[in-house]
Amino acid sequence: MDTTPSLSITNKTTTRFGREDLMRIFTGPENRKDQVVIKQLISSLANGMHESLNRYLGHNLFGDYEACQKKYTNSFINEFPEMNVGNALEELIADVAPHSVNVSSPYYSGHMTSAIPYFMVILKAIVAALNQNVVKLETSGIVTAIEREVIGKIHRLVFQNSDQFYQEHIQKKRSCLGCFTEDGTLANLQALWIARNGCFPPRNEFFSIGKQGLMTAQKEYNLCKSVVLVSRLSHYSLQKIGDVLGIGNENIIRIDVDRKNRMDIDHLCEIIDSIKASKTTNILAIVATAGTTECGTIDPLHAISEICKKEKIHFHVDAAWGGPTLLSDKYAGLLEGIQLADSVTIDGHKQLYMPMTCGMVFFRQPLVSDAVIYYANYINRPESLDLGVKTISGSREANSLILSSALKILGKKGYGALIDHGIETAGLLADEILKRDCFQLVSAPVLNILNYRYLPSEIARGHEPETMDFGEDTNKLLNEINLVIHREQRKQGQSFVSRTILNLANDPHKEMVVLRSVIMNPMTTIDVLRLILDEQEQIYAANFGEYK
Ligand SMILES: *Cc1c(COP(=O)(O)O)cnc(C)c1O
């Protein structure tokens, strides 16, 4: 049976709108046809969206954005209902799907957004149907308990505390082992907000930074400045956070990276020494990244944790990308040291394969969030079970239900298999790049992200394969070549890797345009990746043939 709904749109015109119309729209499908359309759509999505969406998705991975810009310029809201629900859904699919970015294609391997398991769509629909609001117990009930349990599970994965610890804290009112946020940016903000407030405990006339602000807090503690130390490859959310926390983003100090794109510990120590010598600057936190967005590399977690311990500095690990590696028996060891963090960010919509969007942050100490408690008379009262008292977000969807079920469906083994596929396929791609004489591996994969660039064999000849420095003019040419390859491949719309600029030598003249592959779709195999490289070779030949 063909389950595809027909895509005919029959416009509905009305000139009056009464209470019965409102009830008709609000409470359930208006007519038989709507019922049929909704059932067919939902069942085709539920049975695996790849097949149903692929009927409509365009032949170009990106659709035609310019055409969309021209089309969507109507600023009037229609006075009366224009169409039935069934028609609106049909229109949505017919108009939007062909132009939406086909992130679930195996040939789309450029970003941290990818295919998700089919059942996630159904879980998301159930969450919407229940419409629980996790901000407070009175609108979330059981979800609060489930959310606390799933936070406990991931907390245990990260911090590996005892049975007794989890027995005590998972459902304990005062304890907060972590929280859900909308995304990784807000998870990092939540962590650094807590770190900042924790640096200025009450004393004398000073009550709290939340109440009196950063200026008063610094004055009380005879400080002029507060900084956060991060690596050059840290996520740009930290720049926003410097702004929001009122310390200024020039005080998010970027430590150099070593040859393997990890935070350089010697440089970190130098910076800390100079800050300490000034005596007027406070280090709110050091942020290590476990799975940098650009290279997938992991900062030396153990070494940084020791420095934090010695200097009594809050240690935050931004594992928005790499955190779920802990679910792989084979590769969890790459994150050794993460258990020593004070706080850890993990994104659900990245390598936990949840639908957009879900961030989480976890705290080693169950009471550390007391630094940011907010009460409101009408909902959240002291000693409240309401999850909203300690989170930057207010109203929030019951995302934890999705993660809770997904963990049951996939288990550690299922998630582990996804992680292993990504890491191992990235390794195969690195081998393939090394084998071809017109590509250069710029940043070898640690997890499932790698950077490379097109390097014409005429230029490579006579140089060691690891050479990155070909002089300023040649580097400019290489940047141009890689920009064009990226742009043309994107334009052709058959496959996609992303592009970034790496500065391995910490020297602006040596900025390198590189191609970035992120492998998280289990359908993205080495054969698919070989075809992507082939296409890049063809684009070079077509555009720069004269250099041959
Ligand atoms: C993706 C990412 C973030 C931010 O996540 P959003 O969910 O996009 O806000 C933060 N840090 C790292 C390392 C990331 O990869």
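Numbering of ligands and ligand atoms starts at 1, following listing order. Just so it is clear, the structure is predicted and the values come from calculations on it, not from any experiment. One is the number of the first residue; the rest follow in order along the sequence.
Residue-ligand proximity, Met112 to ligand 1, at heavy-atom distances under 4.0 Å covers atoms 15 (O). Of all the atoms in ligand 1, the ones that sit under 4.0 Å from a non-hydrogen atom of Trp321 are 15 (O). Near Gly184, with a cut-off below 4.0 Å to any heavy atom, the atoms of ligand 1 are 4 (C), 5 (O), 6 (P), 7 (O), 9 (O). Remark: ligand 1 atoms within the under-4.0 Å shell around heavy atoms of Asp183 are 6 (P), 7 (O), 9 (O). Taking every heavy atom of Gly291 and a limit of under 4.0 angstrom, the matching atoms of ligand 1 come to 13 (C). Within the listing of ligand 1, atoms 2 (C), 3 (C), 10 (C), 11 (N), 12 (C), 14 (C) sit less than 4.0 angstrom from a heavy atom of Ala320.
Checking only distances, Thr293 does come within under 3.5 Å of ligand 1, N or O to N or O. Taking only nitrogen or oxygen atoms, main chain and side chain alike, Thr185 reaches within less than 3.5 Å of ligand 1. At least one N or O atom of His349, backbone or side chain, sits closer than 3.5 Å to an N or O atom of ligand 1.
The side chain of Thr289, and not its backbone, has at least one atom closer than 4.0 Å to an atom of ligand 1 (non-hydrogen atoms only; side chain from C-beta on).
Among Asn188, Asp347, Leu233, the residue whose heavy atom lies nearest to atom 7 (O) of ligand 1 is Asp347.
Protein heavy atom in closest approach to atom 14 (C) of ligand 1: Lys350 NZ, 2.9 Å.
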When you look at Leu515 and His486, which way does the side chain to side chain contact (heavy atoms under 4.5 Å, CB included) test go after all the steps?
CA-CA 7 Å; Leu515 304 170; His486 178 262; 3.9 Å; yes
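Applying the salt bridge (charged side-chain N to carboxylate O under 4.0 Å, His left out) definition to pairs two or more places apart or across chains, those involving residues 304-324 are Lys276-Glu311.
At a 4.0 Å cut-off, not a single heavy atom of Glu182 sits close enough to ligand 1 to count as contact.
For Tyr108, the ring pair (Phe, Tyr, Trp, His ring centres under 6.0 Å) criterion is met by Phe496, not counting sequence neighbours.
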